[in-house]
Amino acid sequence: MSIGTLNEGPLHQAIKSLYCGAGARAEVAVGSYVADVRGADDVIYEIQTAGFGSLKSKLATLVDEHRVVLVHPVAVVRYIVKLSAEPDQPPTRRRSPKRGAVAHVLDELVSIPALLNHPNFELEVVLIEIEELRAFDPKKVRRRNGWRVVQRRLHEVLGTERFSCARDLLRMAPGALPAEFTTRELAGAMAQPRWLAQKLAYCLRAAGEIEICGKQGNALCYRLAGASRAG
C-alpha cells in the first residue's frame, strides 16, 4: 500500500478505479505531490470525497503545468446500514429520504471558486448511489443518537456532470432568471434552497461571472458581469 492510499476509504477507492482506464496509472508522483490518477492522455484526476480546502495548494501547483480534473462524488441515493453490536443480529438497511443533487458540490466549491476559470482545470461531479454503514458509539458521537458513519460504499454510478469554466455553473439554474436577480430568484431557477443559491452566487461572483448591481430591500441584486456594457 502506498502512502497516498493509507487513508482512503472504499468510496474513494471505487471512484478512483473508474478513472483508471487503459494506460492510466494510480498514485503517480508529480513534483512534490502524488496524483490519484494520471490518465493515458496525461490528464491528472484528483478524487476528493470531502472538502476542497485541503487541496487548494496542490491544485494551484498542478494546474500550472498539467490538465487537472477534480472529481467529486455526490450521493443522490443513500442507503443507511446500521450494524448491530450483537453478533447474532443482522444489520438493518433503509433508504434515506435525503437526496443529493449536482448543486451540492457548491458546499465544497466555495473554497476554490476562481480555479474553475483556469484553462487547465475542470470539475467533474459523479452522481452516485451509496451504502452508508453506521455503528453505535454513544461515547464518541452525539449526533444521530450515537450512530457514527464508519464506511461509505459505492453501489452504482448514476451519471456525471463536467464543468469546464465558472460560467458552466449557471447550468445549475436552468429555470427562468431575470437580467437582474437576487438569490431568492436564483434559488427558484435552481429549484434548490436559498442557502445553496447563496453559495452559487458567491462562486460566480468570486470567479468574476456575476456582479452586484444594486439592492432589493436587504438583498443584493446581481447580473452577469459585463451585462451593462453589453447593453
*Asks:* Any side-chain heavy atom of His66 sitting closer than 4.5 Å to one from Arg38?
*Replies:* yes

*Asks:* Output every pair passing ring-ring contact (aromatic ring centres under 6.0 Å, His included) with a member in residues 99-122, not counting sequence neighbours, ordered by first then second residue.
*Replies:* none

*Asks:* Quick one, Ile44 with Val37, criterion side chain to side chain contact (heavy atoms under 4.5 Å, CB included). Give me CA distance, side-chain angles, the key distance, then yes/no.
*Replies:* CA-CA 6 Å; Ile44 291 173; Val37 177; over 6 Å; no

*Asks:* Nearest 0.5 Å, please: how far is CD1 in Ile80 from CG in Leu133?
*Replies:* 9.5 Å

*Asks:* Is it possible for you to say whether Tyr45 and Leu109 belong to one hydrophobic cluster, with membership spreading through side-chain heavy-atom contacts below 4.5 Å?
*Replies:* no

*Asks:* Within the distance-only criterion (no hydrogens, no angle test), does the side chain of Asn117 pair as donor or acceptor with the backbone N or O of Cys165 below 3.5 angstrom?
*Replies:* no

*Asks:* With Arg171, which residues qualify under salt bridge (Lys or Arg N to Asp or Glu O under 4.0 Å), at least two apart?
*Replies:* Glu161, Asp168

*Asks:* Please answer: with hydrophobic residues joined when any side-chain heavy atoms are less than 4.5 Å apart, are Tyr222 and Leu177 in the same cluster?
*Replies:* yes

*Asks:* Linking I/L/V/M/F/W/Y whenever their side-chain heavy atoms sit closer than 4.5 Å, directly or via other members, would Val74 and Leu70 fall into one cluster?
*Replies:* yes

*Asks:* Atom NZ of Lys199 and atom CD of Glu108: how far apart are they, to the nearest 0.5 Å?
*Replies:* 7.5 Å

*Asks:* Which heavy-atom pair separates Ile210 from Arg205 by the least distance, and what is that distance?
*Replies:* CG1-N, 3.5 Å

*Asks:* If you apply the rule side chain to side chain contact (heavy atoms under 4.5 Å, CB included), what do you find for Leu123 with Val105, and how did you get there?
*Replies:* CA-CA 10 Å; Leu123 170 68; Val105 73; 4.1 Å; yes

*Asks:* Return all side-chain donor-acceptor pairs below 3.5 angstrom for residues 91-103, not counting sequence neighbours, or 'none' if the list is empty.
*Replies:*
residue : atom : partner : partner atom : Å
Arg93   : NE   : Glu131  : OE2          : 2.7
Arg93   : NH2  : Glu131  : OE2          : 3.2
Ser96   : OG   : Lys98   : N            : 3.2

*Asks:* Using a distance-only test with no angle check, is there a side-chain donor-acceptor pair under 3.5 angstrom linking Gln216 and Thr182?
*Replies:* no

*Asks:* In Å, rounded to the nearest 0.5 Å, how long is the span from CZ of Arg153 to CD of Glu132?
*Replies:* 12.0 Å

*Asks:* Holding to salt bridge (Lys or Arg N to Asp or Glu O under 4.0 Å), I want the full list of residues that pass it with Arg167, two or more places apart in sequence or in another chain.
*Replies:* Glu209

*Asks:* How many angstroms lie between atom CD1 of Ile212 and atom SG of Cys221, to the nearest 0.5 angstrom?
*Replies:* 10.0 Å

*Asks:* Give, for atom CG of Leu204 and atom CG of Leu224, the distance between the pair rounded to the nearest 0.5 Å.
*Replies:* 8.5 Å

*Asks:* Show me the side-chain donor-acceptor pairs of residues 47-59 shorter than 3.5 Å, one per line, residues at least two apart or across chains.
*Replies:*
residue : atom : partner : partner atom : Å
Gln48   : NE2  : Gly51   : O            : 2.6
Gln48   : NE2  : Ser54   : OG           : 3.4
Lys58   : NZ   : Val34   : O            : 2.7
Lys58   : NZ   : Glu46   : OE1          : 3.0
Lys58   : NZ   : Glu46   : OE2          : 3.2

*Asks:* Please identify each residue that fulfils side chain to side chain donor-acceptor pair (under 3.5 Å) with Glu124, with sequence neighbours left out.
*Replies:* Tyr19, Arg162

*Asks:* Check step by step if side chain to side chain contact (heavy atoms under 4.5 Å, CB included) holds for Leu186 and Arg194.
*Replies:* CA-CA 8 Å; Leu186 185 59; Arg194 191 169 186 177; over 6 Å; no

*Asks:* How long is the span from the CD1 atom in Ile128 to the CD atom in Glu156, to the nearest 0.5 Å?
*Replies:* 10.5 Å

*Asks:* Could you walk me through whether Gln151 and Val81 satisfy the side chain to side chain contact (heavy atoms under 4.5 Å, CB included) test, starting with their C-alpha distance in whole Å, then the side-chain angles of each, then the deciding distance to 0.1 Å, before giving a yes or no?
*Replies:* CA-CA 10 Å; Gln151 198 175 89; Val81 179; over 6 Å; no

